[in-house]
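Down below is the structure, laid out as structure tokens.
First the proteins, then the strands, lettered A, B, ... as listed; each starts at 1.
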There are 2 protein chains.
Amino acid sequence: MPITLKQLADRVGVHASTISRVANNDPGLRISPATRSRIEALLRETEYRPNGIARGLKLQQTLALAVVIPDVTNPLFAALFRGVEDGASPRGYNVVLCNTDGSPDRQRAHLASLTARRVDGVILASTFLRDPSVRWLRQQRIPHVLVNRFSDDGLDPFVGSDDVMGAKVATQHLYGLGHRRIAHLAGQPTVSTGVLRRRGYLAALAEAGLKADPELVVESGYVEDGGARGTERLLSMRDRPTAIFAVNDMAAVGAYSVARRLGLRIPDDLAVVGYNNIPLARRLIPGLTTVHVPAHEFGIMATRLLLDQIESQQRPARQVVFQPELVVRGSTVVGTDVELAPAASMRE
Amino acid sequence: MPITLKQLADRVGVHASTISRVANNDPGLRISPATRSRIEALLRETEYRPNGIARGLKLQQTLALAVVIPDVTNPLFAALFRGVEDGASPRGYNVVLCNTDGSPDRQRAHLASLTARRVDGVILASTFLRDPSVRWLRQQRIPHVLVNRFSDDGLDPFVGSDDVMGAKVATQHLYGLGHRRIAHLAGQPTVSTGVLRRRGYLAALAEAGLKADPELVVESGYVEDGGARGTERLLSMRDRPTAIFAVNDMAAVGAYSVARRLGLRIPDDLAVVGYNNIPLARRLIPGLTTVHVPAHEFGIMATRLLLDQIESQQRPARQVVFQPELVVRGSTVVGTDVELAPAASMRE
DNA sequence: TAACATAAGGCAATCGTTTGTCCAGATCAA
DNA sequence: TTGATCTGGACAAACGATTGCCTTATGTTA
């Protein structure tokens, strides 16, 4: 329904191509000042904007990116998306959002649909290890960047943080507080964060000279419910752990509710460390000690890698790895929840 | 880079249009079984998918919708988006997400860009009262549905809940508990939810025969910080309110932190009711009594209205209004936080 | 005055699909 | 044998913007 180049041309009495050149400021165009200003006036008056579809067909670019994540209601991914949009919007790109709920089938379906739509690039944060979808993206030569999780090592541009190090620091923190039976609510072995955080946990124990008890590692997955079930199992052992390192914050929340149900106090009876530092972490009582993951920055950086790749027409295969940072709160050390403590922020 | 119809045609030795008809199952096509099966085999083998841009240009439809919201890191809008995607994806649509951060300028810019992209429809949840952007959508005849907030009464298809009623029920709840000095952390008068919830609050007071004290209404906006500042002002009055009805949950969270700082216990010294029932509400301690807003259902319903509108080519101008529901938790009534109470869910 | 240069735009192909129309050959009836 | 009908597809015109090349009219130079 919006006005087309042809209609404008008929109104000015010139050819459509001339309008196009004026609108795009073609430097090679020689045109009389009078005609130019008539055209420019009309462009302003009609608020002409070229039809993006036609433009896309001709120029072979859509100015659209896609973000594929497990679930945007997870704050980590919501922040990631914001980062992408904040990076893409100023450069003229729109962003399509796709949720997979962790299903490889839905992921495949989404990618197929995005490919048909010819988005200029894809940011993927929902991959499994050795993910067929990623190989497919590579094969189709669709510019893409993996975020947070990766698939096959080193083959794709990637933005994330050092999960091994993060898990190690978290575990060392617990060890330093005197804990000797430290459990791990683990992620699936099919997801890179699951594998790497478990590895970091084990490495920290080894460096500390602690023998790793296989019973202390239970697979909880990334949701509250799994965390609760895993914690129940851990706390029903004869020789209970005194501390839990959870693969992410939601699993840690599951641990909170079980501890509460069993009447165990955090951190005195059970210390808990999470991962991601979602907004909820500082609102829990006590606040949840956790490893900060700069999701928003991930999004910005991933977009930068992606757009550079698109605009330069080559694969940089760059990997950007952030150093994780431990945020200590009341779930491991009493008295650290300063921001909420009455005395600390009393203004009177 | 993907294969085109023309290339396929060359491989089978027929005209591109024939491939197209086979791929689209054109009922009027007369073709020999042999040729048909050769073409079908090739289509499967190459996993041919038509170029969505070319298709869009020809068919004047992109199979893309857009969702424009203030901020996806707000759980309400994240859930809304999921609803939209869940409604749109099975019908073959992709969804572009745009965040405005409440800025009319960014909203306008996004809508302009979406229009240039020729999305098939827009779901808008970030409107102000008498929003120029909405008029513009109407003028451009772009199918759209307003969600949660509306702009000019009745002119556009709308999905939301009865904000006056919700606010009324919330206020009546507080009145029923014996509160007589009930304050309101209000939204901006430029946003429909702000106006309507304030109206519901006032109506409840009036019906109860309570005189409304203008000092008890302070504009906090929809963020934690505003809620905290508003609460500070309310609690510094000589005749303090004993209860607060907040325009949304985040403002209520601000009230929590101020109450805590001042050493006031919730609900004994101060009762608090929020609005939206974001996931955080049940995690606060005590749990936040709030009015449930079915954001996910909003998204699904809005998508239905939008797609019906698009596919039937006419403006239904339907309005779907959900009845809100009060969720009572510990911030108004002690002992209602059952899901977390030790005794209630102890399994041993 | 003829050849040439320059200014100011026009022409038409192209991107990949879709779809109304047309056509050549085969088959059939008379 | 001559039309008429049917089969099995081919042709080409869109959709709207971009862009390399061409054309026309005017002015300049030899």
Side-chain angles (χ1 to χ4, degrees), chain A residues 1-40 42-43 46-64 92 113 115-120 140, chain B residues 1-40 42-43 46-64 92 113 115-120 140:
Chain A
M1 203 73 80
I3 199 157
T4 85
L5 220 42
K6 180 93 185 54
Q7 295 172 317
L8 288 179
D10 291 346
R11 284 180 55 177
V12 192
V14 299
H15 196 265
S17 64
T18 304
I19 311 257
S20 171
R21 289 186 223 258
V22 170
N24 295 335
N25 247 309
D26 184 336
L29 173 63
R30 290 172 316 180
I31 193 175
S32 73
T35 312
R36 176 187 286 276
S37 67
R38 270 198 310 155
I39 292 178
E40 281 173 345
L42 189 61
L43 286 176
T46 57
E47 293 182 356
Y48 170 76
R49 307 222 25 188
N51 180 323
I53 314 181
R55 200 159 202 277
L57 182 59
K58 177 64 185 175
L59 300 181
Q60 308 277 46
Q61 85 167 288
T62 52
L63 291 180
S113 155
T115 307
R117 184 177 299 291
R118 299 296 190 273
V119 294
D120 294 332
Q140 306 275 316
Chain B
M1 204 73 80
I3 199 156
T4 87
L5 221 41
K6 181 93 185 54
Q7 295 173 315
L8 288 179
D10 290 346
R11 283 179 55 175
V12 191
V14 300
H15 195 266
S17 64
T18 303
I19 311 256
S20 172
R21 287 187 223 260
V22 169
N24 295 333
N25 246 310
D26 183 335
L29 173 62
R30 290 171 315 181
I31 194 175
S32 73
T35 311
R36 176 186 286 278
S37 67
R38 269 197 311 155
I39 292 178
E40 281 172 345
L42 188 62
L43 286 176
T46 57
E47 293 183 355
Y48 170 76
R49 305 220 31 186
N51 179 324
I53 313 181
R55 200 161 203 274
L57 182 58
K58 177 66 186 173
L59 299 183
Q60 306 278 44
Q61 72 159 314
T62 52
L63 291 181
S113 155
T115 307
R117 185 177 298 292
R118 299 298 191 273
V119 294
D120 293 331
Q140 307 275 315

Can you list the residues that meet the side-chain contact (heavy atoms from CB on, under 4.5 Å) rule with Ile19(A), with sequence neighbours excluded? Leu5(A), Leu8(A), Ala9(A), Val12(A), Val14(A), Ile39(A), Leu43(A)

Applying side chain to side chain donor-acceptor pair (under 3.5 Å) to Ser113(A) and not counting sequence neighbours gives Asn94(B)

What is the separation between atom CG on Leu63(B) and atom P on dT17(C), rounded to the nearest whole Å? 15 Å

Under 4.0 angstrom between Ser20(A) side-chain N/O and dT18(D) OP1 or OP2: yes

Could you pull out all residues at least two apart from Arg11(A) that satisfy salt bridge (charged side-chain N to carboxylate O under 4.0 Å, His left out)? Glu45(A)

So, using side chain to side chain donor-acceptor pair (under 3.5 Å) as the criterion, who are the partners of Ser17(B) when residues are at least two apart? His15(B)

Is any side-chain N or O of Tyr48(A) closer than 4.0 Å to OP1 or OP2 of dG16(D)? no

Go through the structure and list residues passing side chain to side chain donor-acceptor pair (under 3.5 Å) with Ser37(B), not counting sequence neighbours. none

Which residues within residues 51-61 of chain A lie with some heavy atom under 4.0 Å of an atom in DNA chain C? Leu57(A), Lys58(A), Gln60(A)

Regarding the side chain of Ser17(B), the nearest nucleotide among dA12(D), dC11(C), dA17(D) is dA12(D)

Contact check, residues 4-16 of chain B vs DNA chain D, heavy-atom distance under 4.0 Å, returns Gly13(B), Val14(B), His15(B)

Between dT17(C) (C1') and Ile3(B) (CD1): distance, integer Å: 15 Å

For Asn24(A), which residues count as a side-chain contact (heavy atoms from CB on, under 4.5 Å) partner, sequence neighbours excluded? Ser20(A), Arg55(A)

Among all residues two or more places apart in sequence or in another chain, which pass the side chain to side chain donor-acceptor pair (under 3.5 Å) test with Asp26(A)? none

DNA chain C contacts among residues 25-36 of chain A, heavy-atom distance under 4.0 Å: Arg30(A), Ile31(A), Ser32(A), Thr35(A)

Starting from the 5' end of DNA chain D, give me the residue, Arg49(A) or Arg21(A), whose nearest nucleotide shows up first. Arg49(A)

Report the distance from atom CZ of Arg117(A) to atom C1' of dG16(C), rounded to the nearest whole Å. 16 Å

Gap separating the CZ atom of Arg49(A) from the CD1 atom of Ile3(A), nearest 0.5 angstrom: 15.0 Å

For Arg36(B), enumerate each residue passing the salt bridge (charged side-chain N to carboxylate O under 4.0 Å, His left out) test, keeping only those at least two apart in sequence or located in another chain. Glu40(B)

Is the closest side-chain heavy-atom distance between Arg117(A) and Leu63(B) below 4.5 Å? yes

What residues, two or more places apart in sequence or in another chain, satisfy side-chain contact (heavy atoms from CB on, under 4.5 Å) together with Ile53(A)? Asn51(A), Ile53(B), Leu57(B), Thr62(B), Arg118(B)

